[in-house]
Amino acid sequence: TVPQTGFCPAESVWTTLAQMLALLPAQMPLHTRLTALHAVVVLSNQFVRWLVAPWQGDVLRKSEREAYCQHLLQQHFGESMQDWQMASQPARYGEHALLNALPPGLVARLQALFTEQGLSLGAVYPAWMLSANQARYGMRQQRLPDEGWVVCRESTGLTLACLQQGQWQHINTLSLDAEGPQWHAVLHHSLLRAQVLHPDCQVKHVFVAETAAAGLHEVLGEAFQVIGLQARTRPQTGLRMRLRKRAA
């Protein structure tokens with residue numbers, strides 16, 4: 001579990017990261033230049049807010065879309081979201097847009113920390129985004145329909161989203177309590193509840209990391225088909241989120 005203060009990592013996390021980065025030069029081959037390294041940070045989902053923005057045919061201009069997406073985030077998560085850094089997946093005409101938002105100052109502090117150590121921060125990926133890209137890759141490899149539940153499990157929570165006919169329908173992050181039900185049971189309950197709340201979204205495939213798939217088949221039963229995903233050595237870039245400091 002990563003300790004946190006408010007919505008951002010606690011100071012102890014920043015200190016540990018700085019110490020690890022300071023040790024990196026001594027671990028690299030002499031001929032390797034630190035400036036040539038492409039650093040990637042995978043951010044826990046507990047620091048990210050996700051939302052699916054329904055298509056609005058009368059919202060066409062870029063400024064209007066940004067204002068619309070910002071309004072939805074504030075409506076769903078509260079007024080504090082106006083200062084968060086928003087990102088959105090480019091959506092085609094008539095399709096929903098997938099949004100995420102990061103706490104104010106988090107990316108800037110990461111960049112400053114890497115710069116202090118002579119490193120370049122190449123990208124920041126929310127953990128669920130990597131799971132989504134692995135799932136889309138698995139769909140193509142196994143020639144499956146472009147739909148299913150994409151699940152990212154962490155020690156502190158579950159993030160799951162429904163993809164149907166190539167469009168994201170909804171996404172939700174659930175907290176896990178060490179004293180509460182096992183995550184398998186929490187996921188099963190959430191999937192059944194989603195089928196009731198969204199009767200038009202009855203997808204059966206559940207994509208989850210292969211290491212987390214064990215035992216999930218028995219819990220979900222025949223109502224869902226669990227598909228384990230193998231971790232890839234490089235982050236997939238199929239789902240790209242453009243980051244904006246603020247949309248107003």
Side-chain angles (χ1 to χ4, degrees), residues 1-50 80 83-87 89 100-138 150-159 173-178 183 207-214 228-246:
T1 302
V2 179
Q4 62 183 79
T5 303
F7 296 109
C8 288
E11 285 301 317
S12 59
V13 176
W14 293 112
T15 301
T16 301
L17 178 58
Q19 292 172 344
M20 295 176 62
L21 293 177
L23 296 174
L24 188 59
Q27 302 172 3
M28 301 299 297
L30 294 177
H31 65 275
T32 302
R33 293 188 305 152
L34 290 179
T35 54
L37 296 179
H38 181 82
V40 174
V41 172
V42 178
L43 192 65
S44 170
N45 294 311
Q46 64 181 306
F47 304 123
V48 186
R49 298 295 178 266
W50 290 96
S80 64
D83 295 323
W84 286 47
Q85 290 179 279
M86 185 184 74
Q89 178 194 15
N100 74 35
L102 303 181
L106 189 149
V107 174
R109 186 162 183 182
L110 277 173
Q111 290 173 331
L113 192 60
F114 277 77
T115 299
E116 289 173 4
Q117 302 299 330
L119 294 165
S120 175
L121 179 59
V124 178
Y125 291 104
W128 178 84
M129 185 186 295
L130 299 186
S131 297
N133 285 329
Q134 289 177 355
R136 300 296 288 269
Y137 177 80
V150 178
V151 180
C152 180
R153 180 208 172 196
E154 298 180 284
S155 60
T156 56
L158 293 171
T159 299
T173 297
L174 309 169
S175 298
L176 292 178
D177 187 350
W183 75 272
F207 296 88
V208 65
E210 195 170 53
T211 54
L229 301 171
Q230 293 184 350
R232 295 176 62 83
T233 56
R234 297 179 59 187
Q236 292 291 99
T237 57
L239 178 58
R240 299 173 183 270
M241 309 289 284
R242 293 186 176 182
L243 193 66
R244 303 183 182 91
K245 290 185 178 180
R246 181 175 175 180

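Rounding to the nearest 0.5 angstrom, the gap separating the OG1 atom in Thr115 from the CG atom in Leu110 is 10.5 Å. The CG atom of Asn100 lies 11.0 Å from the CZ atom of Arg49; values are rounded to the nearest 0.5 Å. Rounding to the nearest 0.5 Å gives a distance of 11.0 Å between CG of Leu113 and CD of Gln111. Rounding to the nearest 0.5 Å places OG1 of Thr16 at 11.0 Å from CG of Leu21. Atom CH2 of residue Trp128 and atom OG1 of residue Thr173 lie 9.5 Å apart, to the nearest 0.5 angstrom. In this structure, the separation between CD on Gln46 and OG on Ser175 is 9.0 Å, given to the nearest 0.5 Å.
Listed here is the closest heavy atom pair of Glu154 and Leu176: O-CD1, 3.6 Å. Residue Gly228 comes nearest to Ala213 through the heavy atom pair CA-CB, 4.3 Å, listed as atom of the first residue, atom of the second, then distance. Contact between Gln134 and Leu229 at its shortest, heavy atoms only, is O-CD2, 3.9 Å. Here the closest heavy-atom approach between residue Val208 and residue Ala212 is recorded as CG2-CB, 3.9 Å. Taking every heavy atom of both residues into account, Gln85 and Pro103 meet most closely at OE1-O, 4.1 Å. Across all their heavy atoms, Pro9 and Trp14 have their closest contact at O-NE1, 3.3 Å.
Side chains of Val151 and Thr159 form no contact here, defined as non-hydrogen atoms less than 4.5 Å apart. By the 4.5 Å heavy-atom criterion applied to side chains, Val41 and Leu17 are not counted as neighbours. Two residues are said to be in side-chain contact when any heavy atoms from C-beta on lie closer than 4.5 Å; Asn45 and Trp50 meet this criterion.
By the 4.0 Å N-to-carboxylate-O rule, Arg109 lies close enough to Glu11 to be salt-bridged with it.
For residues 14-28, no pair satisfies salt bridge (Lys or Arg N to Asp or Glu O under 4.0 Å), with sequence neighbours left out.
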